[in-house]
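Here is the structure we will look at, set down as structure tokens.
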Amino acid sequence: MVTSVSAPQARRIALAAQGFGRANSTAAASVGTRQLNGLIERLGLLQIDSVNVFERSHYLPVFARLGHFDKADLDRLTFASKGRYTEYWAHEAAIIPMTARPLFHWRMAALRRRHEANHKSWIHANRDMLDWLRAELADKGPLPASEIDHDANKRKGSWWEWSDVKLGLEYLFGWGEVVTAGRTRFERTYALAEQRVPAELLNADVAETDAVRTLIGWSARAHGIGTLGDLADYYRIQQAPARAAIADLVDSGEITPVTVEGWKQPAWLHRDARLPRRIEAGALLSPFDPVVWARPRAERMFDFHYRIEIYTPAAKRLFGYYSLPVLVDDALVGRIDLKNDRQNGVLRVQSAWRETGAPAGIEQRIVPLLAQARSWQGLSSIEVADRGNLARDLAGALGDRALALP
């Protein structure tokens with residue numbers, strides 16, 4: 001029985017659990033429904049985010065692990081009006097298997113109780129709106145918020161300030177009464193849960209303790225190895241119930257306590273975890289990829305201090321607006337701020353940074369990643385801005401394929 005794991009072993013275990021270390025495909029035709037379903041099953045979820053400066057976040061973990069794939073294939077799987085996937089607050093907003101929905105019924109109920117108990121909540125002054133929305137969806141079927149005809153369907157200020165219609169739909173979504181029935185141009189279409197969710201799942205009664213135990217088990221499998229904080233964070237479980245679930249999973253033999261070199265906290269190893277002798281990988285990671293979304297874990301495991309700078313004023317950004325961590329083998333070796341200039345057909349590297357300790361010549365491993373990203377996005381060229389301690393080396397490695405901007 002394994003009781004002690006070195007830091008390099010822990011990195012390889014974690015990356016293997018996340019689907020790295022296998023050969024990526026460069027042919028879109030070779031990545032189909034079977035591969036996409038298999039990857040979502042392995043990860044358990046795909047986090048959703050609206051930022052589209054390079055590419056929407058839920059596509060990027062798939063590209064990082066499988067290589068060139070057809071985004072329309074993933075859309076057909078995940079955003080179909082009726083299908084095997086749905087959306088809910090899992091880590092954050094995320095695509096999850098429809099069969100996993102009952103595991104979040106307790107969270108839906110808890111969210112509703114919290115809103116009901118808050119006397120300042122929007123819902124108390126807007127119960128008529130909630131009833132009207134229920135009736136509207138029952139009468140007309142699935143609708144995006146923008147197509148719901150109501151005087152209150154107007155933003156109150158800036159673009160992020162939702163109308164009362166959108167607010168009401170999101171409350172009902174959080175409570176589980178309303179679900180996503182696909183997306184069009186990334187806008188959610190809303191439906192009553194009974195219009196979308198099979199009855200056996202809609203009416204499934206899963207005790208919170210049982211649901212949390214299952215989710216922590218899935219988290220442990222997706223991590224391969226992790227601390228209490230790691231395992232709890234994947235599905236945003238509070239640490240007290242997560243600790244109880246871990247104890248049950250140890251008793252059942254699904255996970256085993258281990259110590260990890262350099263980790264201050266206890267850790268657990270999943271029984272299905274693999275320990276490859278080496279990881280051969282190269283990937284551009286979304287800021288919302290499970291490898292890096294838990295910033296303390298990324299720092300502990302990869303010595304990689306990472307903060308997304310979308311909300312940082314431009315003058316105060318260190319690395320760039322949408323800086324993507326660069327994975328090479330079992331190390332995070334750099335970060336590249338990418339922009340998809342769709343109008344001009346250019347993949348813009350707005351900055352490129354080498355991590356301290358990254359091996360010399362690492363730009364040679366990054367060039368194929370950028371070339372594959374350019375091809376996947378259907379762009380014609382790559383241009384590298386002269387910003388960052390890797391930018392000039394990267395532009396030089398790209399040669400005629402890149403233009404170094406002043």
Only counting residues at least two apart or in another chain, list the ones meeting ring pair (Phe, Tyr, Trp, His ring centres under 6.0 Å) with Y59. none
Quick one: salt bridge (Lys or Arg N to Asp or Glu O under 4.0 Å) pairs with a partner in residues 167-176, sequence neighbours left out? K166-E170, E170-R188
Give the table of side-chain donor-acceptor pairs shorter than 3.5 Å for residues 390-399, with sequence neighbours excluded, one pair per line with atom names and distance.
from	atom 1	to	atom 2	distance (Å)
R392	NE	D386	OD1	3.0
R392	NE	D386	OD2	2.8
R392	NH2	D386	OD2	2.5
D393	OD2	R354	NH2	2.8

Which pairs pass salt bridge (Lys or Arg N to Asp or Glu O under 4.0 Å) with one or both residues in residues 45-59, sequence neighbours excluded? E55-K71
Under the rule for salt bridge (Lys or Arg N to Asp or Glu O under 4.0 Å), what residues qualify as partners of R278, not counting sequence neighbours? E280
Ring pair (Phe, Tyr, Trp, His ring centres under 6.0 Å) pairs touching residues 336-360, sequence neighbours excluded, are F319-W353
Can you run down the side chain to side chain donor-acceptor pair (under 3.5 Å) pairs that involve residues 107-120, sequence neighbours left out, and say none if there aren't any? R112-E177, H115-W175, E116-R127
Aromatic plane relationship, F104 with Y235 - under 30° parallel, 30 to 60° tilted, over 60° perpendicular: tilted
Show me the donor-acceptor pairs, under 3.5 Å and distance only, between side chains in residues 301-308 and residues at least two apart or in other chains.
from	atom 1	to	atom 2	distance (Å)
H305	ND1	E299	OE1	3.3
Y306	OH	S323	O	2.6

Before we go on, tell me: are the rings of H58 and F79 under 6.0 Å apart, centre to centre? yes
Pairs meeting criterion side chain to side chain donor-acceptor pair (under 3.5 Å) with involvement of residues 359-369, two or more places apart: D329-R365
With sequence neighbours left out, write down each residue that passes salt bridge (Lys or Arg N to Asp or Glu O under 4.0 Å) with R213, or none if nothing qualifies. D210, D248
Using the ring pair (Phe, Tyr, Trp, His ring centres under 6.0 Å) criterion, which residues pair with Y234? Sequence neighbours excluded. H223, W293
Give the ring-plane orientation class for Y88 versus F173, where under 30° counts as parallel, over 60° as perpendicular and anything between as tilted. tilted
What pairs with D230 under salt bridge (Lys or Arg N to Asp or Glu O under 4.0 Å), at least two apart in sequence or on another chain? R297, R300
